[in-house]
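So you know, we letter chains A, B, ... as the sequences are listed, proteins then strands, and number each from 1.
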Amino acid sequence: MKTQLQALITQAVTTLQQRDDLPAEIHLDIQIERTRDKNHGDFACNVALMLAKQARCKPRDLAQKIVDALPASAMVNKVEIAGPGFINFFMTEGSQRAVINKIIESGEAFGHSTIGQGKRVQVEFVSANPTGPLHVGHGRGAAYGATVADLLAAAGFKVHREYYVNDAGRQMNILAASTWLRYLENCGEAIIFPSNGYKGQYIYDIAAALHQTYGDALRHAANTVLDDLPEDENADGSGDKELYIDALVERSKTLLGEEGYKIVFDAALNSILADIREDLQEFGVIYEEWFSENSLVASGAIDRAVGRLKVSGHLYEQNGAWWFRSTDFGDEKDRVVIRENGQATYFASDIAYHMDKLERGFDRVIDVWGADHHGYVPRVKAALQALGDDVDKLDVLLVQFAILYRGGEKAQMSTRSGEFVTLRQLREEVGNDAARFFYVMRKCEQHMDFDLDLAKSQSNDNPVFYIQYAHARICSVMRQLDEKGLSWQLLDEDKFALLDNEHEQALITTLSRYPEVVEAAALAHEPHQIAYYLRDLANDFHTYYNAHQFIVDEEAVRNARLALIIAVRQVISNGLGLLGVSSPDKM
RNA sequence: GCGCCCGUAGCUCAGCUGGAUAGAGCGCCACCCUCCGGAGGUGGAGGCCAGAGGUUCGAAUCCUCUCGGGCGCGCCA
């Protein structure tokens, strides 16, 4: 409807240009807004205000000219000029009501658009290091990323969801060493666990499974493992935990040999990755691809990326290391890509990864990162620029942390103790639906207070419950209809004239907004718009429900009202679906 | 110290990218009700949009500064 009005105004503006009432040069996208106040009609356009200066005439006079030049339309009942020069459109009731049948006919596809024109978008999200289970911070990234991806798909983009698996690098080696030490404990060796090792319960589980499969085959005496290593960090602060753990990793590799080490390493990686995969899948988060960092090494992509930077003169050598001159592209300082010891840094992998993404031919690339990584954005963009790629194809969306509250108190334990709240625990406590909804209820850059008590509550205060309840209520009405031996029939549009009270009008308007909301939410990467919309829709429905009976004796009225609420049910179901939330028939 | 994000009703947050009288949900106050599906419904109070300048027809929204909160500033990932 908006786009149709846009077309009308564009036509009027070109007419004025042909008559020299407006300069030919102007180029403005015409904005049509929903009005807040019914007195201002259904839609408003501020084009006269925007063009007044260029046209060198008063906004209201220009508005009048535009209105006079406006082609006739069956949808428009009345056009008014108001305030400083707004053009207000009053739509015919029939054109508004047409949305009911449109929804019922389109079904699940209602709200989908083609604005994305099939352009290929890659969305990379979560990408947590496979060194332990996902925690609630990752959960927000998961819910947000998955919803943004689904929204883009609904808007007609071709979406590729991807998880970047950091299966290379030092942390993974520390994980492998930690696992091996727990395994040795399992074998009966007396081990002093390193202060910088992974101490979580899940390491014990992996070690136990390893012991079950391989018995004592990977066993080495404790003293051969631990003797002659540098000092670990002691209680008094002496020693160096980093130096110690690195030496321990080297010792593990030496003693186990390439093959044995790989067994331990893969056992830890695969076990944790399988856990993450299952966790996300249960959360309704599905990926097209799990992209291995290691594969970048194997494919030579890292060497290739570094080589390209070297050749183009963006790299220099200093203190035995290779630095990328990212300051040329606005970064705060230059960054190391190849360490003194010849190893590539994580940043080098990331350059190669983003190079690879663009080489794969995506029109847009979206990274969803935790807000703590924001300092990383300039250097990645700098690298893409240095490689001569189009930086504007990359969007980095930063997601702030969520703080859990229970009984008005912070419920999140510190990561220091190794005892953080996992995503799985959260899902078990509040359910997938509430978790998915609450996570995307806020704008991503907003710090979020996650109220666990509210998420669990079965009351109208809980927005998830409130929306799902509306859906279940409609299903219940239909069951009621069935019990009374009645059935519902699709109507011709003119019969919807029977829907003439204020509640019905409000519902119809809200329903017709849905496609606009989906489109806006998709383009702005703002799932919360859907959440707010659904609450509005549910609210309109509940108000209607309280004010009127649907199953009335008069058949035409009954069918019209049922058509309306069936449309409501469809839109609620579509909207919740986009958020990864279920639409129960009964609760 | 430098950089990024945030500051809107008592609380949690929207505000359609510069538009008309700044909105919603809890909480609070006052009435009504127990009806297809529940502790339900209707109305009301509550704001110098952190503060100060600036940009223009017009600012919660854009620019500068100040204050307050979060997060970053490794040859870690």
**Message:** Would you measure the distance from the P atom in B:G46 across to the matching atom in B:G72 and give it in whole Å?
**Reply:** 42 Å

**Item:** A:Q385 side, atom CD; A:H314 side, atom NE2 - distance, nearest 0.5 Å
**Value:** 9.5 Å

**Request:** Using the C1' atoms only, state how far B:U56 lies from B:G18, rounded to an integer number of Å.
**Result:** 10 Å

**Prompt:** Are a donor atom and an acceptor atom from the side chains of A:E242 and A:N196 found within less than 3.5 Å of each other?
**Reply:** yes

**Prompt:** B:C29 and B:A45: how far apart are their C1' atoms, nearest whole angstrom?
**Reply:** 7 Å

**Message:** With rounding to the closest Å, how many angstrom separate the C1' atoms on B:G23 and B:A30?
**Reply:** 23 Å

**Prompt:** From the list B:G37, B:G15, B:C75, which nucleotide is the closest neighbour of the side chain of A:E526?
**Reply:** B:G15

**Asked** Closest to the A:Q480 side chain: B:C36, B:G3, B:G38?
**Response** B:C36

**Item:** Span that lies between the P atom of B:C11 and that of B:C48, in whole angstrom
**Value:** 13 Å

**Message:** Base, sugar-phosphate or nothing for A:H548? Non-hydrogen atoms, less than 4.0 Å.
**Reply:** base

**B:C33 versus B:G41 - spacing of their P atoms, nearest Å** = 15 Å

**Asked** Base of B:U21 relative to its sugar, syn (within 90° of 0) or anti?
**Response** anti

**Prompt:** Between A:L398 and A:P84, which has a closest nucleotide on RNA chain B that is more 5'?
**Reply:** A:L398

**Request:** Name the nucleic acid region contacted by A:Y376, choosing base, sugar-phosphate or nothing; use a 4.0 angstrom heavy-atom cut-off, strictly under.
**Result:** base

**Item:** Upstream residue (5' side of RNA chain B) when A:M587 and A:Q343 are each assigned their closest nucleotide
**Value:** A:M587

**Request:** Using the P atoms only, state how far B:G44 lies from B:C26, rounded to an integer number of Å.
**Result:** 15 Å

**Asked** Between A:Y439 and A:Y144, is the ring centre distance below 6.0 Å?
**Response** no

**Prompt:** Think A:H40 has a side-chain N or O under 4.0 angstrom from the OP1 or OP2 of B:G19?
**Reply:** no

**Message:** Of the options B:C36, B:C75, B:G19, whose atoms approach the side-chain atoms of A:S476 most closely?
**Reply:** B:C36

**Request:** Please test A:E554 against A:R561 for salt bridge (Lys or Arg N to Asp or Glu O under 4.0 Å), starting from the C-alpha separation and ending with a verdict.
**Result:** CA-CA 11 Å; A:E554 213 179 322; A:R561 290 184 176 175; over 6 Å; no

**Message:** I'd like to know whether CG of A:N341 has more than 12 heavy-atom contacts from other residues, nucleotides or ligands below 6.0 angstrom.
**Reply:** yes

**Asked** Mind checking the P distance from B:C2 to B:C62? Whole angstroms is fine.
**Response** 23 Å

**Item:** Nucleotide nearest A:N546 (side chain, heavy atoms from C-beta), chosen from B:A20, B:C75, B:G40
**Value:** B:G40

**Prompt:** Hey, does the side chain of A:K333 come within less than 4.0 Å of B:C2's phosphate (OP1/OP2), counting only N and O?
**Reply:** no

**Asked** Are any of A:R473's side-chain N or O atoms less than 4.0 Å away from OP1 or OP2 of B:G38?
**Response** yes

